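Reminder, nothing fancy here: chain letters follow the sequence lines and each chain counts from 1. Source: prediction; values computed, not measured.
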Amino acid sequence: MNVLEIQDLNVTFATEGGPLHALRNVSFDVPEHRIVGVVGESGCGKSTLINAILGLLADNGQVDSGRILFGDHDLTRLGPLEMQSLRGLRISTVFQDPMGALNPVISVGRQMLHIQYRSDLGRSEKNARSVKMLRRVRIPDPESALDRYPHEFSGGMKQRIAIAMALMMEPALLIADEPTTALDATLEVATIELLQDLQAQIGCSVLFISHHLGVIAELCDDVVVMYAGEVVERGTTRELFHDPRHPYTERLLRCDPAGQSGRTRHLPTIPGEVPDLRVRPAGCIFAARCHRYEGICDTVPPEVGAGGHRARCHRVTP
Amino acid sequence: MLYYSLKRLGLAVAIVSVAMLLLFTMIYLIPGDPAAVALGPRATEAMREALRIKMGLDQPVWIQFWNFFVNAWQGDLGNEVLSDRPVAKVVMEQLPATLALIAGGMVWSVALGIPLGCWTAVKRGGMADRIVGVFSVAVIAVPSFVVAIYALLIFAVTLRWLPAIGAGEPGDLGDQLVHLILPSLAVGIGWVGYIARLVRASMLEVLEASHIRTARAFGLPDRQVTYRYALTIAILPTVTLLGVGIGQMLSSAVFAEIVFARPGVGKLVYDAILTRNYPLVTGAVLVTTVLFILINLIADLVVGYLDPRVRSRL
């Protein structure tokens, strides 16, 4: 059973320089009870993907084709009110910036109360639930935390409160948008472990967005590698890290500083930069930076098939 | 919150003291002998000397200031020249009418400015946004006495909907309110523009904040996100601006009171200047200054009440 199925999703933004094709033929599944990681460098379409799922694309963005199946719903066809009724209840989100994620002028308890507006519980029962959630994310003295304001907590605590809020209604799907990027290394490990525990307790699926390969390897069951708005490779974490097939994944893994043994003056990088998405090349999107480039790459766009471990590359026979 | 309030109160007292020093210096530096001005050209030197001693002008300047300072804190602002009545009493008699005028101006500016600003921020770029933008700049640019005269011409003289002059029958609240509509509109309409622009700008900024995205991602209804999560933050600069704006309204109240022939501190100062009644001018200006500082104190306390970050920082 899949909680979320994304099928051939295309998203464009209207810009002054013409339409920007931010997501092209994106397909992958998030199975029940699994943590799926999405990895890619800045500008690869990770945030657009989240916003498309949540129905929060900017005014100039639109889904051109494709489906986002969540349960019985195709999220691309739902109206704003139907989308709103799923957000926070069935699909919840933790964002990257813990410092700004909570409203600064409303107390933590009141914000947690607001999130439960769809529940039939009484006020004191809702507060008891908030306290329970805060305790689960290991906030010390959760009762008094309700009356406090976000600026009275540290960054790590704020991120844990944000996680508690996101999991408040026990959603089927949690989207975590680089939840640990703004935290220091020790807190990062603690937050990852916390997310793992909570995911197991609640039994939800997680779509985990990150550019940190170590975190992805640690936490995720499956991995989707994105480059310039396309899924270039997907598979289980094991398959992907031990047998990377797409040249981009290969290079990306080689760039992880954690893989360096011994001292070096030069960290490996991928030469070149992400292409301008307003003028997509006719062939493979990665051709210009690829170390395994050949003639066909410039003219024919490679496609990625369904199922299993797949890479969008001519050099890989599926 | 208590500590914050006390701190702000202490600061307010200090500011009033400095204002007194400045006011005293100003009067002291005005050329001419106050006693001569008060008594007129036909008074004898002996009469002037007697008044100088009565007013304490024969004493060293720092003693004069000290007396003025101590008396003023005790509510004694001296006696006015024409009728020899206590200045404090004369000013206090006129104060309620001015306060009503300014409160009315504030009601106009807040009741129109905040919804307009909020509305144009949510519907930014549309036709309504542009029209309100032009309207805001227009009302900011037109001086309040021009608004007063046109309002008088249109609504009182031509259409005869509203009374032209006076403050209404004493004791008749309804009549007083009807008399308040036009003058308070003249005082407040410029601030509708300021507040609409300010609320729009801060609203646009807040709506981009990541906590607003979080609120939406948690499925909170649009209305709650806009009014509870965004507007409570976007309103904070407006509260501070209003504190300052009341000073501006106090000065436009002078025009409104003259055009509409309303009693009030503004009219009082105007008449006092025409008759060179300096103790009355000093007293009225001091009361106005204290009022201004007091209102800013209230504005600061309101911001502290609304924004927990300010509360704990101070």
**Q** Could you have a look at A:N51, A:L56, A:I50 and say which one has the most heavy-atom pairs with chain B under 4.5 angstrom?
**A** A:L56
**Q** Between the side chains of A:K158 and A:E152, is the shortest nitrogen-to-carboxylate-oxygen separation below 4.0 Å, so that they form an ion pair?
**A** no
**Q** What part of A:L102 gets within 4.5 angstrom of chain B, counting heavy atoms only: side chain, backbone, both, or neither?
**A** backbone
**Q** Looking at A:G88, A:S107, A:S92, A:S85, which makes the most heavy-atom pairs under 4.5 Å with chain B?
**A** A:G88
**Q** Can a donor-acceptor pair be found, under 3.5 Å and without considering hydrogens, that links the side chain of A:N103 to the backbone of B:Y229?
**A** yes
**Q** Which answer fits A:A166, side chain, backbone, both or neither, if we ask what part of it has an atom under 4.5 Å from a heavy atom of chain B?
**A** both
**Q** So for B:A217, is it side chain, backbone, both, or neither that comes closer than 4.5 Å to the heavy atoms of chain A?
**A** both
**Q** Could you check if a side-chain atom of B:I15 sits within less than 4.5 angstrom of a side-chain atom of B:N296, using non-hydrogen atoms only?
**A** no
**Q** If I measure from the heavy atoms of chain B, does A:M165 come under 4.5 Å with its side chain, its backbone, both, or neither?
**A** both
**Q** Heavy-atom distance under 4.5 Å to chain B: side chain of A:I91, backbone, both or neither?
**A** backbone
**Q** Mind telling me whether A:H151 and A:Y149 have parallel, tilted or perpendicular rings, with 30° and 60° as the class edges?
**A** parallel
**Q** Is it the backbone or the side chain of A:R148 that comes under 4.5 Å from a heavy atom of chain B, or both, or neither?
**A** neither
**Q** Do A:R136 and A:E170 meet the salt-bridge criterion of a basic N to acidic O distance under 4.0 Å?
**A** yes
**Q** Give the C-alpha distance, both sets of side-chain angles, the deciding distance and a yes or no for side-chain contact (heavy atoms from CB on, under 4.5 Å) between B:F218 and A:H114.
**A** CA-CA 9 Å; B:F218 286 151; A:H114 289 160; over 6 Å; no
